[in-house]
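Reading through the structure tokens given below for one structure.
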Protein chains: 2
Amino acid sequence: MTPTENVAPRILVIEDEPHMLRNLTTILRIEGFEPIPADNGIRGVELARSRTPDLILCDRMMPGMDGFSVLAELRITASTAAIPFIFLTARGERDDFRAGMTHGADDYLTKPVKVDELIAAVRTRLARKREAAALDAGATHRPASPSELVRLGISEREADVLYWLIEGKGNADIAAILGIAPSTVKKHLEHIFEKLGVENRTAAIMTALQAPR
Amino acid sequence: MTPTENVAPRILVIEDEPHMLRNLTTILRIEGFEPIPADNGIRGVELARSRTPDLILCDRMMPGMDGFSVLAELRITASTAAIPFIFLTARGERDDFRAGMTHGADDYLTKPVKVDELIAAVRTRLARKREAAALDAGATHRPASPSELVRLGISEREADVLYWLIEGKGNADIAAILGIAPSTVKKHLEHIFEKLGVENRTAAIMTALQAPR
DNA sequence: GCCTGCCTACGGCAAAGGTCGGATCGGGTC
DNA sequence: GACCCGATCCGACCTTTGCCGTAGGCAGGC
């Protein structure tokens, strides 16, 4: 239904050992995923923020920034906090495993990892995430700022108006807030309605809330 | 902020061995959780549906319905699909662990389980879940049917009106859809506004969408 | 029985919403 | 420069909404 259903899930792979990193990316690509390689923790965090992958595979022991730090770092940023995170490590002791899970990882794979184990783990976590998203079939999102609304194909000023409209303000209130005449607000709304293809303010609100983020 | 923040998280414990079940519930209660005991899989699924716990601890090997079946059963129902699910089992082999995780469990504890391990695992999964919910600070929900809106404290007919209001209809449209006079629609809206404590239709929409489900 | 809450309906009026015409400004193109 | 186009702004006008009062029918609780 959505245009995104056929795109390959993007998997960020954070692994300092070059050979291992190549292997992982190759396997993932063959299995139909789009791997994003990162050869250290810092780079991994950067890529997680800039590319917002669908899942993260991360080595636990790395020079510089280790796996725990990467995980902790990603959890504090809203945009990356919900991404499934799988540890990949040579340490297979029970205590290591528990430490990984307790830090908030979603799975813990021990090297040497079998290909089908890896793929199954990735598929399961992706499915679990999608499942949670699918539960929100009627999910909508209240924008945190006007700029978030520009993606609807409206100008910045129009986004300002739409933002306050969603906050439940009347035209007079919006005019006062933005420091313009009420008639101007109406004109902006006129354009907004046209661009969104709706007839009135209530319909405009719903299309704005339901638009893909 | 919410009134629910101080209530003890409800933990459903599914375990066939009576001694073990008592131990677990005792530990959980001491740690400030509200345990819900179930001594077999079938009963566990029932309780999961009727009590909607915040987390589920489930033994893997049980007579009758085993842990995998319980998990699979819970995943198909929308209301229980997102509940964190932790396996608790005597089988600590690597393959068993992987099987559990691949089936979609969120963690896998092996007996004998240390108390602090158990508590840490439970706390982590609860935190992870809450985190995901908190991310949706701006999350709203578009109702699938008018009856979904009755929880706002409005009558059924008022819910009908509010439903179509959210669909972006004008008063005249709503009157036509419901087969009543436009003036009646206005009267219903009047009551709705009062009950929701809002001033206009746009604000009514937002409070309806943002109300806790 | 009586009272209360809900659903229905009408008319009127002020306020807000929505549509139109018209205007300026800046950036880009020919 | 002349031109077009989009964004922004404003005022005038008609339509819709919101808010009052009023009121009959109907179900359920005291």
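Chain identifiers are assigned alphabetically (A, B, ...) following the order of the sequence lines, protein sequences preceding nucleic acid strands; residue numbering begins at 1 within each chain.
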Exercise. Would the number of heavy atoms belonging to other residues, nucleotides or ligands and lying under 6.0 Å from CD of E156(A) be above 12?
Worked result: no
Exercise. Any ion pair linking D106(B) and R75(B) (charged N to carboxylate O, less than 4.0 Å)?
Worked result: yes
Exercise. Got a sec, which pairs hit ring-ring contact (aromatic ring centres under 6.0 Å, His included) with one end in residues 42-85 of chain B, sequence neighbours left out?
Worked result: F68(B)-F87(B), F68(B)-H103(B), F85(B)-F87(B)
Distance-only check: which donor-acceptor pairs under 3.5 Å involve side-chain atoms of residues 181-191 of chain A, not counting sequence neighbours?
unit_1  : atom_1 : unit_2  : atom_2 : d
K187(A) : NZ     : E190(A) : OE2    : 3.4

Just verifying a value: how many Å separate [X] [atom1] and [Y] [atom2], rounded to the nearest 0.5 Å?
X       : Y       : atom1 : atom2 : result
L109(A) : E117(A) : CG    : CD    : 7.0 Å
T202(B) : W164(A) : OG1   : CH2   : 13.0 Å
F33(B)  : L24(B)  : CZ    : CG    : 12.5 Å
I177(B) : D160(B) : CD1   : CG    : 10.5 Å
T89(B)  : M62(B)  : OG1   : CE    : 10.5 Å

Exercise. Start at the 5' end of DNA chain C and walk down; is the nucleotide closest to E199(A) or to K195(B) reached first?
Worked result: K195(B)
For this session: Give H191(A) one of three labels, base, sugar-phosphate or nothing, depending on what nucleic acid heavy atoms sit under 4.0 Å from its own.
Result: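 Answer is base: heavy atoms of H191(A) come under 4.0 Å of a base.
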For this session: Walk along DNA chain C from 5' to 3' and tell me the first and last nucleotide with an atom closer than 4.0 Å to a non-hydrogen atom of chain A.
Result: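 Contact span on the strand: dG17(C) to dG22(C).
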For this session: Verify the distance criterion only: is there a donor paired with an acceptor across the side chains of T77(A) and R49(A) at less than 3.5 Å?
Result: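 Yes, side-chain donor-acceptor contact under 3.5 Å.
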For this session: Go through the side-chain N and O atoms of T26(B) and N23(B) and say whether any donor and acceptor fall under 3.5 Å apart.
Result: no
Exercise. For L12(B) and G44(B), which heavy atoms make the closest approach, and how far apart are they?
Worked result: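 Taking L12(B) first and G44(B) second, the nearest heavy atoms are CD2-O, 3.4 Å.
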Problem set entry | Donor-acceptor contact below 3.5 Å, side chain R29(B) vs main chain P35(B) |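 A pair under 3.5 Å: no.
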For this session: Identify the 5'-most and 3'-most nucleotides of DNA chain D with at least one atom closer than 4.0 Å to a non-hydrogen atom of chain B.
Result: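 From 5' to 3', the first and last contacting nucleotides are dT17(D) to dT22(D).
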Exercise. Which angle, to the nearest 10 degrees, lies between the helix axes at the two ends of the helix from dG1(C)-dC30(D) to dC30(C)-dG1(D), each defined by five pairs?
Worked result: 30°
Exercise. Which of residues 156-186 of chain B sit near DNA chain D, with a heavy atom under 4.0 Å from it?
Worked result: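 Listed by number, they are G170(B), N171(B), K186(B).
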